[in-house]
Amino acid sequence: MIIYEILVLFLGLVIAITFVLMLRKLFFGSSAKIKIDKKVNSRELFEPVGTAELNIPLDDMEAKAFIEEEKKSDDINHSSDDDYDLHTEPKNEIISIHLENSSDAKFTYKALTEFLNSSNFNFSDDGGWFKIYIDSEDSFLLVNGLNPGKFIPEEEIIDSPVMTLIYTLNSNSNSVSAFSQLINFAQLLAENFNSKILDAERNILTQQMVEHYSQIAEEFDLSNLT
């Protein structure tokens, strides 16, 4: 009899916990602003930049290399302590997403500049690529999604079918909030240029991947609290 009562109590507890978790998921789950779509096949990763082609897409490793190269250039050209630092340390992680247009509707350097000038975003043009400021301590980058990662008008590199947003997780800032602002920026850019938003592997960005990136940012912030 006692065993039967214990079993009934145990089953009741399991049912109660399951019910509470369902309510929590229903009322406190994050809202999905990104339209969930079927995954598309991953594109082949880029090869090292050669002299033959520049139309090679950037991936996370190339994005890191781009940031490192621009940081070195920034350090050479700006020796003042007041200059903004890209905060690019090897131990830091980056989150990158892409925006893609059809081949006959490319992003142009001029149109992107006009879009940013007419927006409420604080930005700077750092020589063919853009730095979008979140606050005085943090920013993310908007770069040409194909090598060499920037627009170079003198070499007639003035448009691209792909743009890449790069955020370097920053121990001095709220990375979760920064990533949220990056997503909001990507959605506005996608709406303005009628483009698709892709994840780091160039698949359609799903809500599941948004939550995954947000978790990466949250874990990074938590690791820097200890």
Side-chain angles (χ1 to χ4, degrees), residues 29-43 55 57-60 62-63 66-67 94-135 138-147 149-151 153 157-170 173-218:
S30 57
S31 57
K33 222 186 152 184
I34 296 286
K35 181 180 179 180
I36 297 177
D37 202 346
K38 292 182 180 179
K39 290 269 199 169
V40 296
N41 292 330
S42 298
R43 300 178 184 181
N55 293 332
L58 300 175
D59 71 356
D60 278 359
E62 189 69 7
F66 174 83
I67 295 175
I94 72 167
I95 294 175
S96 63
I97 63 174
H98 310 278
L99 292 97
E100 181 181 66
N101 272 353
S102 60
S103 58
D104 58 346
K106 296 181 178 179
F107 296 97
T108 66
Y109 187 27
K110 178 181 179 182
L112 287 166
T113 303
E114 291 175 350
F115 167 76
L116 290 170
N117 280 326
S118 64
S119 72
N120 295 323
F121 298 103
N122 185 15
F123 77 98
S124 63
D125 184 339
D126 284 15
W129 54 279
F130 305 96
K131 187 184 295 180
I132 313 300
Y133 292 97
I134 299 169
D135 53 41
D138 210 5
S139 66
F140 55 85
L141 308 182
L142 174 63
V143 306
N144 184 346
L146 302 180
N147 278 304
K150 62 178 74 175
F151 296 104
I157 303 177
I158 57 174
D159 57 33
S160 174
V162 182
M163 294 300 295
T164 298
L165 289 166
I166 308 170
Y167 176 62
T168 304
L169 274 62
N170 186 349
S173 299
N174 185 329
S175 299
V176 176
S177 175
F179 173 67
S180 176
Q181 293 184 60
L182 181 146
I183 289 295
N184 289 337
F185 178 85
Q187 291 175 320
L188 289 173
L189 198 62
E191 291 170 4
N192 189 81
F193 289 92
N194 193 27
S195 54
K196 297 180 292 185
I197 305 178
L198 312 178
D199 63 22
E201 295 184 357
R202 297 177 185 268
N203 298 321
I204 294 294
L205 183 67
T206 62
Q207 183 63 34
Q208 182 180 4
M209 283 304 298
V210 171
E211 292 172 357
H212 172 66
Y213 291 143
S214 183
Q215 183 178 1
I216 291 175
E218 183 178 4

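The chain is numbered in sequence order, starting from 1. Both backbone and side-chain heavy atoms feed into the values below; hydrogens, waters and symmetry mates do not.
- For the side-chain hydrogen bond (donor to acceptor under 3.5 Å, both in side chains) test, no residue two or more places apart in sequence or in another chain qualifies with Tyr213.
- Residues Thr206 and Asp199 fail the side-chain proximity criterion, which asks for heavy atoms closer than 4.5 Å.
- By the side chain to side chain contact (heavy atoms under 4.5 Å, CB included) test, Glu114 pairs with Lys110, sequence neighbours left out.
- A donor-acceptor contact shorter than 3.5 Å links the side chain of Asp135 to the backbone of Asp138.
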| side-chain contact (heavy atoms from CB on, under 4.5 Å) assessment of Leu141 paired with Thr168 | CA-CA 9 Å; Leu141 308 182; Thr168 304; over 6 Å; no
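- For the pair Leu146/Ile157, no side-chain contact is recorded, criterion being any heavy-atom separation below 4.5 Å from C-beta on.
- Listed by chain and residue number, Phe185 satisfy the ring-ring contact (aromatic ring centres under 6.0 Å, His included) test with Phe121 (two or more places apart in sequence, or in another chain).
- With sequence neighbours excluded, the residues that form a side chain to side chain contact (heavy atoms under 4.5 Å, CB included) with Asn117 are Thr113, Phe123.
- Under the side chain to side chain contact (heavy atoms under 4.5 Å, CB included) criterion, Asp125 pairs with Tyr109, Phe130, sequence neighbours left out.
- Atom CG in Leu182 sits 9.5 Å away from atom OG in Ser96 (nearest 0.5 Å).
- In this structure Asp159 satisfies the side-chain hydrogen bond (donor to acceptor under 3.5 Å, both in side chains) test with no other residue, sequence neighbours excluded.
- The two atoms that bring Ile183 and Ile97 nearest to each other are CD1-CD1, 4.1 Å, heavy atoms only.
- Taking all atoms of both residues into account, the shortest heavy-atom contact from Gly145 to Ser160 is N-OG, 4.1 Å.
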| said: The test is side-chain contact (heavy atoms from CB on, under 4.5 Å); show your working for Met209 and Asn203 and say whether it passes. | reply: CA-CA 10 Å; Met209 283 304 298; Asn203 298 321; over 6 Å; no
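- A 4.5 Å side-chain heavy-atom check between Phe179 and Ile216 finds every atom pair outside the cut-off.
- Distance check, rounded to the nearest 0.5 Å: CD of Gln181 to OG of Ser139 gives 11.5 Å.
- Considering only heavy atoms from C-beta on, Thr164 stays 4.5 Å or farther from Asn144 through its side chain.
- Here Ser180 pairs with Asn184 under the side chain to side chain contact (heavy atoms under 4.5 Å, CB included) rule; sequence neighbours left out.
- Looking only at side-chain heavy atoms (C-beta outward), Leu142 and Leu165 come within less than 4.5 Å of each other.
- Taking CD from Gln207 and OG from Ser214, the interatomic distance works out to 9.5 Å, rounded to the nearest 0.5 Å.
- Here the shortest heavy-atom pairing between Ala186 and Leu99 reads O-CD2, 3.4 Å.
- Remark: the backbone N or O of Leu116 is paired with a side-chain donor or acceptor of Ser119 at under 3.5 angstrom.
- Here the shortest heavy-atom pairing between Ala178 and Ile134 reads CB-CD1, 3.4 Å.
- Annotation for Asn101 and Lys106: closest pair ND2-C, 4.1 Å, computed over non-hydrogen atoms.
- Phe107 has its ring centre less than 6.0 Å from the ring centre of Phe193.
- Residues Ile197 and Ala190 come closest through the heavy atom pair CG1-CB, 3.8 Å.
- No option in Ile132, Asn170, Ile166 other than Ile132 meets the side chain to side chain contact (heavy atoms under 4.5 Å, CB included) test with Phe140.
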